[in-house]
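Taking it in order: structure first as structure tokens, then the write-up.
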2 protein chains.
Amino acid sequence: MTRVLVVDDEPQLLRALRINLRARDYDVEVAADGTTALRRAGASPPDLVVLDLGLPDIPGIDVIHGLRGWTRVPIIVLSGRAGSQDKVEALEAGADDYVTKPFDIAELVARIRAVTRRVSVTGAGRRVDVGEHTVDLADKTVTGGVHLTPTEWHLLDVLLRNPGKLISQRQLLTAVWGPSYQRETHYLRQYMAQLRRKLETDPAHPRHLLTEPGMGYRFQP
Amino acid sequence: MTRVLVVDDEPQLLRALRINLRARDYDVEVAADGTTALRRAGASPPDLVVLDLGLPDIPGIDVIHGLRGWTRVPIIVLSGRAGSQDKVEALEAGADDYVTKPFDIAELVARIRAVTRRVSVTGAGRRVDVGEHTVDLADKTVTGGVHLTPTEWHLLDVLLRNPGKLISQRQLLTAVWGPSYQRETHYLRQYMAQLRRKLETDPAHPRHLLTEPGMGYRFQP
DNA sequence: CGTCGGCGTAGGGAAAGCGTCAAGACGGGC
DNA sequence: GCCCGTCTTGACGCTTTCCCTACGCCGACG
């Protein structure tokens with residue numbers, strides 16, 4: 001199911017979107033302000049963001065930058081400002097589409113579908129082998145009597161859902177600790193070491209939880 | 001170079017688009033009606049289509065269907081009709097964006113950039129063959145157990161995203177090290193040598209990472 | 001034939017980044 | 001209130017990566 005994060009506080013819009021998107025098998029989540037939006041997106045990255053630029057707390061353009069710092073999730077901007085300068089600014093900042101209020105709900109839905117049509121759905125298998133152990137991401141269990149703490153699970157989850165792919169330090173920190181921790185690379189070293197101790201056969205020479213110096217970490221199946 | 005096929009017959013729009021897109025390194029081709037557009041797209045598939053729905057010969061929506069029958073090339077629709085029903089129809093038919101006339105040329109350019117940016121990230125073309133190795137720019141992996149450092153990735157990234165094209169020394173230095181390093185050409189020699197050692201079959205006689213003496217470097221697929 | 005500019009290669013010092021140990025801070029359960 | 005597991009923070013040695021200098025090669029040119 002495609003997950004859409006809607007950043008807006010108009011109940012009417014939210015209700016209409018929910019109805020229309022549910023029917024097309026989308027899951028709708030909501031954030032009422034920019035701070036909440038960044039936190040929720042970091043905690044559980046959605047497949048698409050619908051972002052109202054008129055937020056109560058922080059400028060909408062900053063939310064775009066905050067997201068683009070670590071993810072390329074598609075962003076559709078809603079705004080009351082119709083000036084082309086505003087549009088260009090938002091699009092250059094990384095937005096994928098810009099819709100001017102007032103708009104028809106059917107048009108927004110059509111644009112959401114147009115954007116998500118391109119996104120490939122990466123179906124995640126829930127059981128993954130790491131060395132001698134087997135990790136079940138859904139049941140949150142590990143074979144061999146290994147027990148992981150919540151933070152360790154969160155970190156491992158991000159890595160295992162992207163097998164073979166390099167995940168940047170910023171991306172990991174944002175996903176696990178939140179956007180304001182993007183420079184606390186120390187946490188990563190700490191918890192990667194713990195995961196290796198618990199999962200790797202030889203923690204000093206990891207074969208699956210690999211470091212890419214200066215860039216990030218990678219799960220090698 | 002990204003090739004844009006513009007399907008329209010207004011000389012004013014064509015001229016403005018040509019100027020603005022050339023400056024951003026796009027190549028602009030033109031078709032005045034739907035039949036010509038389909039023929040030209042078929043003969044030599046462009047990277048993006050800008051399609052005016054008000055064509056003299058066939059309905060614009062049919063051009064969309066005609067293209068979508070065999071290609072997923074991004075389509076940006078221009079139209080004088082602002083009704084949401086028209087928009088939904090075009091987007092559902094497979095268009096990626098819908099711009100209502102009259103519009104600012106800067107907005108259209110920004111939307112073109114937004115669409116091509118998304119496609120270049122998610123679409124094909126992220127895997128590139130260099131000699132015996134295959135480089136995945138998104139996952140940051142190289143076949144054959146080759147490992148690259150962050151600076152090497154950065155440099156290779158710029159070259160591989162412009163296959164066959166000469167990249168000046170200044171351009172490379174600015175992209176990788178910053179504008180204040182434009183005269184440190186020995187950095188380039190240093191890191192190009194490392195990339196050749198790691199990727200070329202015969203580093204002394206490179207076949208893909210070529211030097212253009214006095215000018216710059218070129219990636220030859 | 002010698003000089004010169006541009007290029008490729010090699011190697012070492014400096015700095016940034018990483019892994020590890022250890023201890024303090026915090027919060028929930030008892 | 002106390003204990004225990006977990007999360008944060010600090011300190012230190014080690015590795016990787018980067019930056020910089022030096023030198024040899026080659027073709028152009030006078």
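Below, all heavy atoms of this structure are taken into account, side chains as well, without hydrogens, waters or symmetry copies. We name chains A, B, ... by the order of the sequence lines, and we start the count at 1 in each one.
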A correct 5'-to-3' footprint of nucleotides 19-30 of chain C, with B, S and - meaning base, sugar-phosphate only and no protein heavy atom under 4.0 Å, is BBBB--------
Does the pair [X]/[Y] count as a salt bridge with the N-to-O cut at 4.0 Å?
| X | Y | answer |
| --- | --- | --- |
| D25(B) | K165(B) | yes |
| R117(B) | D96(A) | no |
| R3(B) | E29(B) | yes |

Exercise: do R189(B) and T211(B) side chains pair donor with acceptor under 3.5 Å: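 On atom types as modelled, these side chains do not qualify, holding no pair under 3.5 Å.
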Distance, rounded to the nearest Å, where [X] contributes [atom1] and [N] contributes [atom2]:
| X | N | atom1 | atom2 | answer |
| --- | --- | --- | --- | --- |
| H205(B) | dG8(C) | NE2 | P | 12 Å |
| M215(A) | dT16(D) | CE | P | 14 Å |
| E184(A) | dT9(D) | CD | P | 7 Å |
| L195(A) | dC18(C) | CG | C1' | 16 Å |
| L148(B) | dT16(D) | CG | P | 16 Å |
| E200(B) | dG8(C) | CD | P | 12 Å |
| L172(A) | dG17(C) | CG | P | 16 Å |

OP1 or OP2 of [N] under 4.0 Å from side-chain N/O of [X]:
| X | N | result |
| --- | --- | --- |
| W177(B) | dC18(D) | no |
| H154(B) | dT17(D) | no |
| Y191(A) | dC7(D) | yes |
| Q194(B) | dT9(C) | no |
| T149(A) | dG5(D) | no |
| T185(B) | dC7(C) | no |

Could you tell me the separation between the OG atom of S168(B) and the CD atom of E212(B), rounded to the nearest 0.5 Å?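 That separation rounds to 12.0 Å.
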Using 0.5 Å steps for rounding, measure from the CD1 atom of I167(A) to the CG atom of L188(A).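 Interatomic distance, I167(A) CD1 to L188(A) CG, rounded to 0.5 Å: 11.5 Å.
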What does H147(A) touch in the nucleic acid at a heavy-atom separation under 4.0 angstrom: a base, only the sugar-phosphate, or nothing?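 Sugar-phosphate, no base atom in range.
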Within the 4.0 Å heavy-atom criterion, would you say E152(B) contacts the bases, only the backbone, or no part of the nucleic acid?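 E152(B): no heavy atom of the nucleic acid under 4.0 Å.
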Taking distance alone, no hydrogens or angles, what donor-acceptor pairs closer than 3.5 Å link side-chain atoms of residues 141-150 of chain A to residues at least two apart or in another chain?
from    : atom 1 : to      : atom 2 : distance (Å)
T143(A) : OG1    : T134(A) : N      : 2.8
T149(A) : OG1    : E152(A) : N      : 3.4

